[in-house]
S.K.: 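Before I ask anything, here is the structure I am working with.
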Protein chains: 2
Amino acid sequence: MKPDRRPYRRESEDSRREALIAATQALVAEGGPRAATVRAIAERAGVTPGLIRHYFGSKDELSRAAYRQLIDGMTDKGADALSGVGAAPEERLAAFVAASLRPPVVDAGAVGLWAGYLHTMRADPALLAAHERGYLRYRDVLQGLIAALGRPGVAAAQMRQEAIACNAVIDGLWLEGGVLPHGFAPGELVRIGLASVGAILGTDLMAHGTFIPEIGKAPAGEGETR
Amino acid sequence: MKPDRRPYRRESEDSRREALIAATQALVAEGGPRAATVRAIAERAGVTPGLIRHYFGSKDELSRAAYRQLIDGMTDKGADALSGVGAAPEERLAAFVAASLRPPVVDAGAVGLWAGYLHTMRADPALLAAHERGYLRYRDVLQGLIAALGRPGVAAAQMRQEAIACNAVIDGLWLEGGVLPHGFAPGELVRIGLASVGAILGTDLMAHGTFIPEIGKAPAGEGETR
DNA sequence: TGTCCGATTATGCATCTGTATAACAGCGCC
DNA sequence: GGCGCTGTTATACAGATGCATAATCGGACA
């Protein structure tokens, strides 16, 4: 008659923390912060709610950990694209921009997760700092790639504004690409991003991005016109 | 002994609906969807929770109305900037971009409100349609202004991509400006937006935007360098 | 002025949420 | 092989939430 007790299974601390964080992120991405209740998180992670308190102390603490991991993961993926690409500055910049504008960075779940945590972030100075740190880290990488272009007569102050602008293009495309995935043809975000960043910097990134899969075919008039 | 009944006050239907929607938006903007409970909304609107059901049927219905009003209001404000400006295409485009990059459009509350509703929106086809409609309406206005520039040899397909790119710059600046307001000097977003949109379109909007308050003083090296 | 209709309020209720605490079970150690 | 330590589960609980319904009051209309 007893509702059969869950089998007792012992796991490592890292494994449990990871599972709980992954479950939290998945639930927030799918249904917003409201769907990420302690019971739902525990069920998806395959444990009972008590473990959340045991490993994180409270649900808020778990939320913070999940948000921090999201931010770190997003900025890491952009930087990862730089390894394994040539030394030409234009190529490196093009690879960086392209990597930021296709999955898994451009993803409905990631946008949803980020949006879901926006309020938590603003209310919590530690999380706000995490966001700012991630944002500036990404922008610094971008600004470094811009500086490496070696354009004569471009001051540092101007490069800062260019970095903000390029970052904004990428952010905006990331946002709408995640919210309205069907509104853009495959590869279109990458092409638009490369063209825009190139225009802002006065460099033809498309010409230097022939190694990028999205470049090279159907340069104009593809697919939907709206 | 009775906890003193709230004074009975009769109001028009429009007034009540407006008050409830405004209260909902304010609460979501401040503390996320979680803070917008029926009791909190009613209290801020100066009524009792029952009126929500009376006027909107359910809390979900009220949420939908609040989101729709946000979307309509945001796109309206951009279009409003076009009235009262000259007929020169560059001037009109510059005014439109500038209006989208300063308060009340760039505002922490607006970003928070939008983010708070992202999941509600995705789960509700009607709200998703409202978002898409608002987005495309805004982009169409932008594309119309771009087409009015009358640049020779620019095809319609290219103008679509330019409109997406310019929209992305504005969205990205709107986003970070709302999330990290202290990260940018006053007027910096407007200047960066005008410079970037101009670069993407191959037109010097700064030269045509002398009537814009943010233009004309401190063109370089102002304020913080990071 | 009296009366009735509807806007508004107050109360009740089932459900859910986060947390605290007690009970339990597998592993390592002697 | 018995036994404690601790990771894990189960239960309890106070408060919140959305919704339904009954009670009440103000004004319009005759």
Side-chain angles (χ1 to χ4, degrees), chain A residues 1-24 27-28 30-67 116-117 119-120 123-124, chain B residues 1-24 27-28 30-67 116-117 119-120 123-124:
Chain A
M1 259 324 119
K2 281 283 188 66
D4 51 16
R5 190 184 183 88
R6 174 185 293 270
Y8 192 98
R9 174 90 180 125
R10 233 178 155 92
E11 291 276 344
S12 77
E13 171 167 349
D14 285 353
S15 155
R16 283 276 131 97
R17 296 182 89 95
E18 200 174 338
L20 285 171
I21 288 178
T24 305
L27 283 167
V28 172
E30 291 168 12
R34 192 162 187 147
T37 70
V38 286
R39 287 165 177 82
I41 294 170
E43 187 185 15
R44 181 166 295 213
V47 296
T48 47
L51 271 201
I52 291 176
R53 174 175 164 78
H54 185 260
Y55 278 114
F56 293 92
S58 75
K59 190 203 161 190
D60 276 0
E61 199 72 30
L62 170 57
S63 290
R64 274 189 276 270
Y67 181 75
Y117 275 129
H119 292 94
T120 315
D124 186 330
Chain B
M1 262 325 118
K2 283 284 190 64
D4 49 18
R5 190 185 183 86
R6 173 186 292 272
Y8 191 98
R9 174 91 179 123
R10 230 179 157 95
E11 290 276 342
S12 77
E13 172 168 348
D14 284 354
S15 155
R16 282 277 131 97
R17 295 183 89 96
E18 199 174 339
L20 286 171
I21 288 178
T24 305
L27 284 168
V28 172
E30 290 166 14
R34 195 166 184 145
T37 69
V38 286
R39 287 168 178 81
I41 294 170
E43 186 184 15
R44 181 167 293 214
V47 297
T48 47
L51 270 201
I52 291 175
R53 174 176 163 78
H54 185 259
Y55 278 115
F56 291 92
S58 76
K59 190 202 161 191
D60 276 0
E61 198 72 29
L62 170 57
S63 290
R64 275 188 275 270
Y67 181 75
Y117 275 128
H119 292 93
T120 315
D124 186 330

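Just so we're clear, the structure is a prediction, and the values are computed from it rather than from any experiment. Throughout, a chain's letter reflects where its sequence line sits, starting with A, and its residues are numbered from 1.
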S.K.: Mind listing the residues from residues 57-65 of chain B sitting with a heavy atom below 4.0 Å of DNA chain D? Number order is fine.
M.R.: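 Correct list: B/Ser58, B/Lys59.
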S.K.: For nucleotides 24-30 of chain D, give me every protein contact, N/O to N/O, under 3.5 Å, one pair per line with atom names.
M.R.:
{"unit_1": "D/dT24", "atom_1": "O4'", "unit_2": "B/Arg5", "atom_2": "NH2", "d": "3.4"}

S.K.: In this structure, how many angstroms lie between the C1' atom of D/dG18 and the CG atom of B/Leu27, rounded?
M.R.: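 B/Leu27 atom CG is separated from D/dG18 atom C1' by 16 Å.
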S.K.: For B/Arg17, enumerate each residue passing the side chain to side chain donor-acceptor pair (under 3.5 Å) test, keeping only those at least two apart in sequence or located in another chain.
M.R.: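 B/Arg17 satisfies side chain to side chain donor-acceptor pair (under 3.5 Å) with B/Glu13 only.
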S.K.: Near DNA chain C, which residues from residues 37-46 of chain A have a heavy atom under 4.0 Å away?
M.R.: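 Only A/Thr37, A/Val38, A/Arg39 qualify.
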S.K.: Just call it for A/Glu13: base, sugar-phosphate, or nothing, with non-hydrogen atoms closer than 4.0 Å on any strand.
M.R.: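 Here A/Glu13 touches no strand at all.
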S.K.: Please determine whether a side-chain nitrogen or oxygen atom of A/Tyr55 lies at a distance below 4.0 Å from atom OP1 or OP2 of D/dT8.
M.R.: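 Yes, within the criterion.
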S.K.: I need the full list of salt bridge (charged side-chain N to carboxylate O under 4.0 Å, His left out) pairs touching residues 31-41 of chain B, with sequence neighbours left out, sorted by first then second residue.
M.R.: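 Residue pairs with at least one partner in residues 31-41 of chain B: there are none.
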S.K.: Applying salt bridge (Lys or Arg N to Asp or Glu O under 4.0 Å), name anything that partners B/Glu61, two or more places apart in sequence or on another chain.
M.R.: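 So B/Glu61 forms a salt bridge (Lys or Arg N to Asp or Glu O under 4.0 Å) with B/Arg64.
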S.K.: Take atom CG of A/Leu51 and atom C1' of D/dG7, then tell me their distance rounded to the nearest Å.
M.R.: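 To the nearest whole Å, that distance equals 7 Å.
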S.K.: Quick one: closest heavy-atom pair of A/Arg16 and A/Glu11, and the distance?
M.R.: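 Scanning both residues completely, I find the closest heavy atoms to be NH2-CG, 2.9 Å.
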S.K.: Can you tell me if the side-chain N/O atoms of B/His54 get under 4.0 Å from OP1 or OP2 in C/dT8?
M.R.: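 It does not, given that no N or O in the side chain of B/His54 lies less than 4.0 Å from OP1 or OP2 of C/dT8.
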S.K.: Identify the two heavy atoms, one from A/Pro49 and one from A/Ala42, that lie closest to each other, and give their separation to 0.1 Å.
M.R.: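 Answer, listing the atom of A/Pro49 first, then A/Ala42: N-CB, 3.4 Å.
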S.K.: Please state how far atom CD1 in B/Ile52 lies from atom C1' in D/dT21, giving the value in whole angstrom units.
M.R.: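 For the pair B/Ile52 CD1 and D/dT21 C1', the rounded distance is 17 Å.
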S.K.: Would one find a side-chain N or O of B/Arg34 under 4.0 angstrom from OP1 or OP2 of D/dT17?
M.R.: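 Answer is no, no contact under 4.0 Å.
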